[in-house]
Amino acid sequence: MKTRFNLILALLSGALLYAQDLELDVYVLPTSVLGDPILFNVTVKNKGDKPVPGVEVLVTLKSGLKFSGVSPKKSDFDVKTGIWKLGEVVPNKAKTLGIIANYAKRDDAIVIAEISASGAIDPDSTPGNGVDTNGNGMIINDKGDEDDGDAAQNGPFN
Ligand SMILES: [Ca+2]
Ligand SMILES: [Ca+2]
Ligand SMILES: [Ca+2]
């Protein structure tokens, strides 16, 4: 009985040691001119103390934007699926993907991003469960949502 208890303890502490806290934010450098390119930066941070392998992010552009490209160009981003494969994210070293898109429509010029896969357990967020995790209809800088998803909007400008 005691052996089993120790085994469970060892398993639990192993899981806790491997728990890492990933955080994602989307920022926009806005433009008010329709047709102009806009840069959205998707940034992933590891606030834990060990590297996290196998990290992937799902990026979605709403109808007010027309995708143009990514920065840096060599980033592992699949335009068809919207999946950015970052690989390993180490502590204190953020990884950023620039999404360049044209400002096509006044409304809905929004980029949404969330961590869709991770090789470590995160105590305060779950990969791939949507950005609006508190169900209040807000996704842009909503501190009430999980920290592994976010959105940013260009405009709307009058
Ligand atoms: Ca997290
Ligand atoms: Ca999540
Ligand atoms: Ca929300």
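We count ligands from 1, going down the list as the structure has it; atoms in each ligand are counted the same way.
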Would you sort out whether W84 and V44 count as a side chain to side chain contact (heavy atoms under 4.5 Å, CB included), showing the intermediate values?
CA-CA 11 Å; W84 171 35; V44 176; 4.2 Å; yes
Look at E146 and state whether any of its N, O or S atoms is less than 3.0 Å from the Ca ion (ligand 2).
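Yes - counting backbone and side chain alike, E146 has an N, O or S atom under 3.0 Å.
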### Task
Examine all N, O or S atoms of N129, backbone included, and report whether one is under 3.0 Å from the Ca ion (ligand 2).
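Here the distance criterion (N, O or S atom, under 3.0 Å) is met by N129, so yes.
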In [X], which N, O or S atom comes closest to the Ca ion (ligand 1)?
{"X": "D147", "answer": "OD1"}
{"X": "D21", "answer": "OD1"}
{"X": "D124", "answer": "OD1"}

Counting N and O atoms only, with roles assigned by atom type, does the side chain of [X] sit under 3.5 Å from a partner on the main chain of [Y], one being a donor and the other an acceptor?
{"X": "Q153", "Y": "V111", "result": "no"}
{"X": "E114", "Y": "G130", "result": "yes"}
{"X": "E56", "Y": "A117", "result": "no"}
{"X": "K85", "Y": "D78", "result": "no"}
{"X": "N41", "Y": "Y27", "result": "no"}
{"X": "D148", "Y": "L24", "result": "no"}

- Task: State whether a side-chain donor-acceptor pair under 3.5 Å links S125 with D147.
- Result: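 Distance-only check passes for S125 and D147.
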Checklist line | Polar protein atoms near the Ca ion (ligand 3) [N, O or S; cut-off under 3.0 Å] | finding: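 The answer, once waters are left aside, is D132 OD1, N134 OD1, N136 OD1, M138 O, D142 OD2, D145 OD1, D145 OD2.
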Candidate pair N46 and V90, rule side chain to side chain contact (heavy atoms under 4.5 Å, CB included), full reasoning: CA-CA 6 Å; N46 176 354; V90 299; 5.6 Å; no
ask   = If you check every N/O/S atom of D148, which is the one nearest the Ca ion (ligand 2)?
value =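 This turns out to be OD1.
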Open item on the list: Tell me whether the Ca ion (ligand 1) has L22 as a neighbour, meaning an N, O or S atom of it below 3.0 Å.
Closed with: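 Checking L22: at least one N, O or S atom is under 3.0 Å.
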